[in-house]
Each structure stands twice: as structure tokens, then as C-alpha cells.
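Each chain gets a letter, A, B and so on, in the order its sequence line appears, and its residues count up from 1.
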There are 2 protein chains.
Amino acid sequence: MPETHESPVPLRSHCPVNYALEAVGDRWSLIVMRDILLNGKFRFRDLLAAEERIATNVLSERLARLAEHRIIEKIRDPDDGRQFIYVATEKGESLMGAILELGAWGAEFDADTDAPPGTTKKFRADRSGTISAALEAYRKSRPRLTR
Amino acid sequence: MPETHESPVPLRSHCPVNYALEAVGDRWSLIVMRDILLNGKFRFRDLLAAEERIATNVLSERLARLAEHRIIEKIRDPDDGRQFIYVATEKGESLMGAILELGAWGAEFDADTDAPPGTTKKFRADRSGTISAALEAYRKSRPRLTR
DNA sequence: ATTTTTAACTTGCATTATGCAAGTGAATAC
DNA sequence: GTATTCACTTGCATAATGCAAGTTAAAAAT
């Protein structure tokens, strides 16, 4: 059961980069956030279907951790009591820039990337515009639910 | 001993975000790159002194991995044969944007951040300018050595 | 020239994180 | 009611990380 308050885990440091890495610097957290923010996945089973094949226990832990950090919020689906919907908080939405930067870097240096040609160049030509556009698209795709 | 060629490790996917995470998405790689790119640390002992306390074997592995991925280069110090100097390749330098984005996010959401006030706001007001300036500063600070 | 110190690692072992397959309980569908 | 779906949990194997001590080569001190 998730705690109500953020637990005061001692951080390795308060360097802002380190803070980010302690929150999302593992093998899976940013894959989950990518799927929520960019791929329109909001349910456990959809996130589970990521082509990188996350295990159920790991996805479960990651979602709990992200919720503890107030990066996502877990909401029961009013139309189906078995299901939950995971949406990004403002804090989670703010990861968009970092995720797109990492993606631009990956697209530039992976010779076999799935990204369409020109992705990196376009992103770097207008970083803030691309980020804003992606955020707007996310906000439109996100299910609107009352908590 | 480092391999001459990048080993064809099978990737989980060719999503550009996933490529980045497979290369540097662990607890330490971006801390090391932060220290090289932003903190003027180029030697094993300097990187070891990161306040996050990386272990010697882990630092050693990370440096080897980063070199395999052609993100850094290991150069013997011509003035002291015991020492090596680790510098970012162009691929490594290209991580600057992602590191600064993560830092801006961390500075925004860590109430106890070490970052000076206004860091995030300034960065977001001129992302490309801030990144270019940081890269220029890096290139000036980096030791100039012939391979 | 020999000894001591420094730098960059290795090695061995404990702990933690991740991966995999199977199982559970609550809610919906039939 | 029974069966199925959904979101997990459990148990156990393997991999990654953390910690302390040891090794090797080069440089500095004597």
C-alpha cells in the first residue's frame, strides 16, 4: 500500500542531476514514463506490453515508486473496478524534456534506430517548441478522470 | 582489456529512448558523465571523489562500458604514465542536453537542491543557448592531449 | 639503486535489484 | 452460479551494486 507522504530516503547528494537519477535513473522508470507521456499507455496491461518486456513484479514496483515520488498518480477506473489508470502529475510531465533529449541522443547514435530520419535535427532546431507540442499531445490523449 | 569494436549486444528495442537507457540508464553512468562534462573531472581518482561515493570496481566497470560505447575515450597521461585521462567523445558531449534537462528537473522538484535559485527557469528560457554555453565551457576545461 | 608512495585498478564476498514462471484475489462477463 | 480478466504477489534464479582488501606498474624519495 502506498504511503501518504514521501518517505525521507537519504539521498546520495542534493546535486540536481543526482536527484533525478535517484528518482528515475534505473533500467525501467523512464521506459514507463515514455509509454505514459508519448505512447498513450495508461493501464498496467498496456505498460506491460512494452516491447522491452518488463516483468510484472518490476512494473508493479516501478509504478509504486513513481507514485511515491509524485511523478505519477494511480486512479481507479470508474468504469471498471479491476482497472487502474496511471497518469503523470505535473512533476511527471516535466520529465518530457529529459525523455525527448535522451531520445534525440539515441536517434542520433543508434545506427538502427526506429526514429524517423531528421528526428534529432528537428528536435535540436526547436527544443522548447517540440517539448511543448509533445506535452500538449499528451494532455489531449490522457484520460480525463475525476479522482 | 577493452575491445576494439563495439560488441553487438542485443538491444531490448531500437526505440531511441531505450537505446539511450541501455547505454547510460543505470545508477552511475550519468553521474560520471556529469563530472566529466560539468565538473572538470578527468581522472579516476577525481571521478572516485564524487560526493555520491561510487565504488572503485563500479567506476572501473562504468568507464570501460562508456569507452566501449564510444562515449568517452581513455588516454594515457603523457606526463605521468600511471595516470589516464577520460574525455568525452562527440557522442559523449551530445549527452549534455539530457544531463542539463535532468538537472533542471531535479532542481525544480528537490526542495533541498544544491542548485542556485532560478536554475530551471533560466535553462528553460534558453535551452539551446545554455547547452551550447556548457559545451563551450567543457571544451575549454578539457585537457588537450594528443592521442 | 633501493625503498616508499601514488594511481589505477582487481578480487572476493555480501547485499540488493532484476528476471522469470506460477499463483492469488477481486471484479466483470457469461 | 462459473469462467475470464485484471492487477497484482510470491518464490526462486541470476545479475548488478557495495564494501574492504589486495595487486601491479610507474613515479618520487632516499
Side-chain angles (χ1 to χ4, degrees), chain A residues 1-2 7 9-13 18 21-32 35-36 41-69 72-87 143 145, chain B residues 1-2 7 9-13 18 21-32 35-36 41-69 72-87 143 145:
Chain A
M1 204 157 289
S7 45
V9 184
L11 294 171
R12 299 182 298 190
S13 82
N18 184 58
L21 293 178
E22 296 218 34
V24 296
D26 64 88
R27 217 141 205 68
W28 290 109
S29 293
L30 288 180
I31 291 288
V32 171
D35 282 347
I36 291 176
K41 298 183 175 180
F42 303 103
R43 292 175 175 77
F44 193 91
R45 65 169 185 284
D46 296 331
L47 295 166
L48 197 60
E51 63 175 331
E52 292 87 7
R53 310 309 324 277
I54 188 169
T56 57
N57 57 342
V58 176
L59 176 55
S60 179
E61 273 180 71
R62 269 329 86 97
L63 290 170
R65 255 176 63 87
L66 289 167
E68 271 175 43
H69 283 278
I72 62 173
E73 223 175 335
K74 178 181 185 172
I75 300 167
R76 190 178 288 271
D77 184 341
D79 300 331
D80 185 340
R82 291 170 300 183
Q83 295 188 47
F84 296 92
I85 293 179
Y86 299 93
V87 292
L145 297 170
Chain B
M1 206 157 286
S7 44
V9 184
L11 293 171
R12 298 183 298 191
S13 81
N18 184 59
L21 292 178
E22 297 217 35
V24 297
D26 64 87
R27 218 144 201 67
W28 290 109
S29 293
L30 288 180
I31 292 286
V32 171
D35 282 347
I36 291 176
K41 297 183 175 181
F42 303 104
R43 291 175 177 77
F44 192 92
R45 65 171 184 283
D46 297 330
L47 295 166
L48 197 61
E51 64 176 328
E52 292 88 5
R53 310 310 322 277
I54 188 171
T56 57
N57 56 342
V58 177
L59 176 56
S60 179
E61 272 179 72
R62 273 322 88 98
L63 290 170
R65 257 176 61 88
L66 290 168
E68 269 175 43
H69 283 277
I72 62 172
E73 224 175 334
K74 178 180 184 173
I75 299 167
R76 188 178 289 271
D77 185 341
D79 300 332
D80 185 339
R82 291 170 301 183
Q83 295 188 47
F84 296 92
I85 293 179
Y86 298 93
V87 291
L145 297 172

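Atom pair L48(A):CG and dA7(D):C1' shows a separation of 10 Å (rounding to whole Å applied). Distance CG (L63(B)) to P (dA7(C)): 16 Å, rounded to an integer number of Å. Taking atom NZ of residue K74(B) and atom C1' of nucleotide dA7(C), one finds them 11 Å apart after rounding to whole Å. Rounded to an integer number of Å, the gap from D46(B) CG to dA7(C) P is 9 Å. Rounded to an integer number of Å, the gap from CD1 of I85(A) to P of dC6(D) is 13 Å. Taking atom OH of residue Y86(B) and atom P of nucleotide dA8(C), one finds them 7 Å apart after rounding to whole Å. As rounded to whole Å, 10 Å separates atom P of dT9(D) from atom CZ of F84(A). Rounded to whole angstrom, the span from the CD atom of E52(A) across to the C1' atom of dT18(C) amounts to 15 Å.
Qualifying side chain to side chain contact (heavy atoms under 4.5 Å, CB included) partners for R45(A), counting only residues two or more places apart in sequence or in other chains: R43(A), Q83(A). Partners of R27(B) according to the side chain to side chain contact (heavy atoms under 4.5 Å, CB included) rule, which considers only residues two or more places apart in sequence or in another chain, are R12(A). Residues passing the salt bridge (Lys or Arg N to Asp or Glu O under 4.0 Å) test with D80(A) are R82(A), sequence neighbours excluded. Take F84(A) and apply the side chain to side chain contact (heavy atoms under 4.5 Å, CB included) test, not counting sequence neighbours, and it matches K74(A), R76(A), Y86(A).
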Just list the side-chain donor-acceptor pairs under 3.5 Å for residues 53-62 of chain B, sequence neighbours left out, or say none.
from: R62(B); atom 1: NH1; to: D26(B); atom 2: OD1; distance (Å): 3.2

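Taking CG of D35(A) as the start and CH2 of W28(A) as the end, the distance is 10.0 Å to the nearest 0.5 Å. Taking CD1 of I85(B) as the reference point, atom CZ of F44(B) lies at 15.0 Å (rounded to 0.5 Å).
Across its full length, the helix from dA1(C)-dT30(D) to dC30(C)-dG1(D) shows an angle of 10° between the axes of its 5 terminal pairs at either end, rounded to 10 degrees.
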Where protein sits on nucleotides 14-22 of chain D, one letter per nucleotide: B base, S sugar-phosphate only, - none, heavy atoms under 4.0 Å: ---SBB-B-
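Side chains of L47(A) and I31(A) form no contact here, defined as non-hydrogen atoms less than 4.5 Å apart. Counting heavy atoms from C-beta outward, V32(B) and V24(B) have side chains that stay 4.5 Å or more apart. Residues V87(B) and I75(B) form a side-chain contact, since some pair of their non-hydrogen atoms from C-beta on lies under 4.5 Å apart.
The side chain of S60(B) sits closest to dT10(C) out of dA7(C), dT10(C), dA7(D).
Contact record, E52(A) with S13(B): OE2-OG, 2.6 Å, taken as the closest heavy-atom pair.
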Can you name the atoms? Protein N/O to nucleotides 25-30 of chain C N/O, anything below 3.5 Å, with the distance.
from: dT28(C); atom 1: OP1; to: G81(A); atom 2: N; distance (Å): 2.9

